[in-house]
Amino acid sequence: METPLKNSEGQKIQELCRKYSIYTWSIQQDVDPLAVAKTEGLYYWDYDGRRYLDFTSQLVNVNIGFNHPKVVEAMVEQARKMPFIAPKYAFDKRAELSRLLIEEIAPKNMAKVLFSLAGADANEFALRIAKAYTGREKIFTKYWDYHGSTYGAAMMNGEAIKPSPLPEIGGFIKFFGPFPFHDRSFASAEEASAFYLRDLRNRLIFEGADKVAAIIIEPVTGSNGVIIPPKSFLHGLRSLCDEFGILLVFDEVMMGFGRTGRWFAAEYFDVQPDIITFAKGITCGYVPLGGVLISRKIADYLETNRISCGLTYNAHPMGCAAAIATINVYKEEKILEHTREMAVVLEAELQKIKVKHPSVGDVRSIGLMGGIEIVKNAKTLEPFVPYGITNPGEAMNAFVNAAKLKGVSMFGRGNIAVVAPPLIIKEDELKEALAVVDDALGEVDARME
Ligand SMILES: Cc1ncc(COP(=O)(O)O)c(C=O)c1O
């Protein structure tokens, strides 16, 4: 529940938004959207002048913070010069952005990029390309991972109880990967990794590995729990794909563009997928842009085989201009290096929080992506909401609301609170925000068994 608005302008805006527009992922009668008056850097403000530190970078996308003047300037310039040109043309910003991505940013095996508008459609394109290239139909995806809410992407989602569009499309098969905090029966993460790889290999054989086009995963499961696999699991996936001629696709919509302290998680884990999808951090949401990176062999295939899909706004000039400016900000402000430094602080502070609060069963982080997993019982580690449920329960809501009342906004999924600040956050700001989180966890401690 948001705090009631006192300011009448904010109230009017909220009422009109509620009355005439639909809010996604919601039952309309329950929505109570905060009216946001302005944004700047790490913060947004409501119409009562209250300031919130955005501790999840909105939807883990505003990596360079709000309103960066260089990106805004690039957008204004592009809007004046050429706000739109159809995808079939060549133009300067598309040329420069494609070159930057392939020559400087993507893993070395990537040869070309197909620009989309966002994450879900990037994944739809990846599906189409993988099926066309391999001539195979089946797609394997991992439980817990999220890939988007368009029809095809939703078929890939691995949430336990998901509101799937009906009828479901056949040929999408799920498998489990390691979830270290919940794999407590294994002696080590490596043992868990080997188990899940064996299980997946068996599934591939039983489904007919020669019918499988791609294994599509989030290298680190983001919003559904910050699940960080051991490196051996991702290397094992690469080997399985090589063994059976299957394409390995990393959905890096959330991890790409710096979240792990590298351009891509593929680099962090030292694995070369055949396809990488991205969105979010490439423009930090200033304008929508996503894309699909494809390796040389797939690019060669597309030289002589028609790609039979496209959108009016593929390679949109506003998106390309914003992306170049955003990438320049990452480079000039050494944001990846800074993220790696802040990652050490985040990890250490989260550990302190875990030691202090009996309700914190686990903390984990990679780069500036952290998760705090709450439990009802410190001995048995019984969760507050049942395993697999991604809706937050009462304890999580109380925790998140307490932090928000103290000016730190974050979101909880099931039992896991996500901590993913803009990558520009400084050490003192990070520690201050975590002190608020620490304090707000008292709400969870108080609700334990
Ligand atoms: C890993 C991942 N893939 C895909 C998507 C879908 O992206 P979009 O909402 O831009 O369509 C998201 C969104 O959160 C995501 O985190």
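First listed ligand is number 1; within each ligand, the first listed atom is number 1.
- Remark: E96 does not engage K93 in a salt bridge, criterion side-chain N to carboxylate O under 4.0 Å.
- Between I217 and the options L234, D251, T141, a side chain to side chain contact (heavy atoms under 4.5 Å, CB included) holds for only L234.
- The stretch residues 143-171 participates, sequence neighbours left out, in these ring pair (Phe, Tyr, Trp, His ring centres under 6.0 Å) pairs: Y143-F176, W144-F179, W144-Y387.
- Applying the ring pair (Phe, Tyr, Trp, His ring centres under 6.0 Å) test to residues at least two apart or on different chains, the pairs with a partner in residues 118-137 are Y133-Y301.
- The pair D362-R184 fails the salt-bridge criterion, with no side-chain N (NZ, NE, NH1 or NH2) lying under 4.0 Å from an Asp/Glu carboxylate O.
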List below, pair by pair, the N or O atoms of ligand 1 and of the protein that are less than 3.5 Å apart, including the distance to 0.1 Å; reply 'none' if no pair qualifies.
unit_1: ligand 1; atom_1: 3 (N); unit_2: Y146; atom_2: O; d: 3.3
unit_1: ligand 1; atom_1: 3 (N); unit_2: D251; atom_2: OD1; d: 3.2
unit_1: ligand 1; atom_1: 3 (N); unit_2: D251; atom_2: OD2; d: 2.7
unit_1: ligand 1; atom_1: 10 (O); unit_2: G119; atom_2: N; d: 2.9
unit_1: ligand 1; atom_1: 11 (O); unit_2: G119; atom_2: N; d: 3.4
unit_1: ligand 1; atom_1: 11 (O); unit_2: A120; atom_2: N; d: 2.8
unit_1: ligand 1; atom_1: 14 (O); unit_2: K280; atom_2: NZ; d: 2.9

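- Evaluation of the ring pair (Phe, Tyr, Trp, His ring centres under 6.0 Å) test over residues 310-349, restricted to residues two or more places apart or in two chains, returns F84-Y313, F84-H316, W263-Y330, Y313-H316.
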